[in-house]
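FYI, side chains are in, hydrogens and waters are out, and symmetry mates aren't considered; it's all heavy atoms of this structure. Just so it is clear: chains get the letters A, B, ... in the order the sequence lines come, proteins before strands, and each one is counted from 1.
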Protein chains: 2
Amino acid sequence: MAALQPTPRSPPAIRYAQLPCPGCPGRHMNVCQPLDDELQVDFFDTGLRQKWARRQQLFRSGDPAGPIFKVTSGIVAVSRSLPNGTRQILRFALPGDICGYLSEGGAYAFDGEAITDVTTCTFQRDGFDNFAATHDVTAEAVRRELSQVLASAGQHLIVLGRMPTAARVAHFLCRMKADLTSRSQTAGLVALPMARGDIADYLGMRLETVSRSFTKLHKLKLISVSTDAVVVLDEIGLAAIGGYPPE
Amino acid sequence: MAALQPTPRSPPAIRYAQLPCPGCPGRHMNVCQPLDDELQVDFFDTGLRQKWARRQQLFRSGDPAGPIFKVTSGIVAVSRSLPNGTRQILRFALPGDICGYLSEGGAYAFDGEAITDVTTCTFQRDGFDNFAATHDVTAEAVRRELSQVLASAGQHLIVLGRMPTAARVAHFLCRMKADLTSRSQTAGLVALPMARGDIADYLGMRLETVSRSFTKLHKLKLISVSTDAVVVLDEIGLAAIGGYPPE
DNA sequence: CGGTTAGTTGAGTGCATTCAATCCCAGTGG
DNA sequence: CCACTGGGATTGAATGCACTCAACTAACCG
């Protein structure tokens, strides 16, 4: 479990050098995207750049709610673990995404773990809130980000509740492909920086089943598999199995 | 399916008679709760009271995003159906809750169906947005409502992804009990206005399995079951099985 | 070259599903 | 008043999909 490897909570923090948002090139609606240059500098001046090693914990469910993290590179898994040792990953926060935002009774609502090496722009919570409170565009962007994440969680509920395992994997691949393509990617190549076990924890299945699903989709000539990437051979067919896009 | 019974989309709308929020007595953070009396009158003056029959659709995924609904009595299921006919209920909107808020590309993101007879306070979307834009407390309340729903969706993901069926049902009962207790309810009696099939669609299982789970929990002397209610006999034991509350 | 970690594959089990029968109860008409 | 009907709920039997446990392979690093 997490306790086995003592993870330093706060890596060295470097003050942002008043640069325009490095992770912003916008996949998503984004909390700093709508700001003009001057405001963006003000905003980022309240943030610190931090680097995190793979498998480090950025925040932990139950801990007093501290900073908010904007992922600028790498991937953070937002998750929660159950007493029996299993964990469920709720979402992967990609570059540009915010995580550690939700709190319940003054504590982080979920765990945040670096799936790859990660850099974040780290904001003090009250500074972040104050900025949002005094700048309408940011408040609006936060609202949109929340809506976005909520819609995505809704989709995820459908996947976990109503799809067989192969379909889940197919859906996941389509989703990753769509997410990555909007960030300029080579043809059908979908990078999979996360381990099989992480995908399993995201899709509510076992890593062996993830593996079997990959080979199954491979045998159907829909994808070509390697450890840390997948080539989508038949996007239509894959989307059909994965029920993607919705409807 | 839905097409079988032609459901009139817009039941007769009655203009709100400038009354204080009828559904507000606050289970939750609420979009009209934080307003002072005068503002609340202004706010509700922009809403219409509507009545909906059981199994009527308030809004439909894919339809142009129309009004936003505040449930004032009854229960609305927010769901999405898959091509194969199965559906997943994402949440039950109880009195005080907002639904129909999320949109994707100008269309409702999900379906909304009255599980019981329902009354709503219905707001035009842009009127609602304008009000939130010009009243900070409302904007803040919307943000909190979104956070609340998002945290709840996260919990739901854990249930669907990582819990066996009996635990899902136990969790569901604990949750319903907590929700209803905060709205003053008799001892251990948990009302279940929704059908078994609805519970199944919410918990990602079949109605037969829901039924079996009920009898299983009954045999463990944790609950006593009837069609439209459950008596919780052993709250501790039930919570233990259902992993509720989280952690 | 040995050791470690991640991934794949195989065999067997079990839990939830499917399909079908039965039960229960409220509503209705004889 | 009671038999009939229909929808919802429960129960039973059999199937199958995903899980568990275990062996094996591949890649990586010292």
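Applying the salt bridge (charged side-chain N to carboxylate O under 4.0 Å, His left out) definition to pairs two or more places apart or across chains, those involving residues 197-209 of chain A are A:Arg55-A:Asp198, A:Arg87-A:Asp198, A:Arg87-A:Asp201, A:Asp201-B:Arg162.
A:Arg175 and A:Gln155 are not linked by any side-chain donor-acceptor pair at a separation below 3.5 angstrom, with hydrogens and angles left out of the test.
Of all heavy-atom pairs between A:Ala151 and B:Glu104, the closest is CB-OE2, 3.6 Å.
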Protein heavy-atom contacts under 4.0 Å, written 5' to 3' over nucleotides 13-25 of chain D as B (base), S (sugar-phosphate only) or - (none), form the string B----SSBB----
Enumerate the protein-to-nucleotides 21-23 of chain C contacts in which both atoms are nitrogen or oxygen and the separation is below 3.5 Å.
none

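In terms of modelled atom types and a separation under 3.5 Å, the side chain of B:Arg168 and the main chain of B:Leu203 share a donor-acceptor contact. The backbone N or O of B:Val118 sits nowhere less than 3.5 Å from a side-chain atom of B:Ser73 that would complete a donor-acceptor pair. Although no hydrogens or angles enter the test, the distance criterion places a donor-acceptor pair under 3.5 Å between the side chain of A:Gln88 and the main chain of A:Tyr202.
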Check the pair B:Thr209 / B:Thr165 against side chain to side chain donor-acceptor pair (under 3.5 Å), numbers first and verdict last. CA-CA 7 Å; B:Thr209 314; B:Thr165 54; over 6 Å; no
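Residues satisfying the side-chain hydrogen bond (donor to acceptor under 3.5 Å, both in side chains) criterion with B:Tyr101, sequence neighbours excluded, are A:Arg143.
B:Arg196 places its CZ atom 9 Å from the C1' atom of D:dG8, with the value rounded to the nearest Å.
Using the six-membered ring where Trp is involved, B:Trp52 and B:Phe69 have ring planes that are perpendicular, over 60° apart on the 30 and 60° scheme.
Within a heavy-atom distance below 4.0 Å of DNA chain D, the residues of residues 219-229 of chain B found are B:Val225, B:Thr227.
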Taking Watson-Crick (N1-N3 plus N6-O4 or O6-N4) and G-U wobble (N1-O2, O6-N3), each under 3.5 Å, can you produce the dot-bracket string of DNA chain D? Use [ ] for crossing pairs and | for inter-strand ones. ||||||||||||||||||||||||||||||
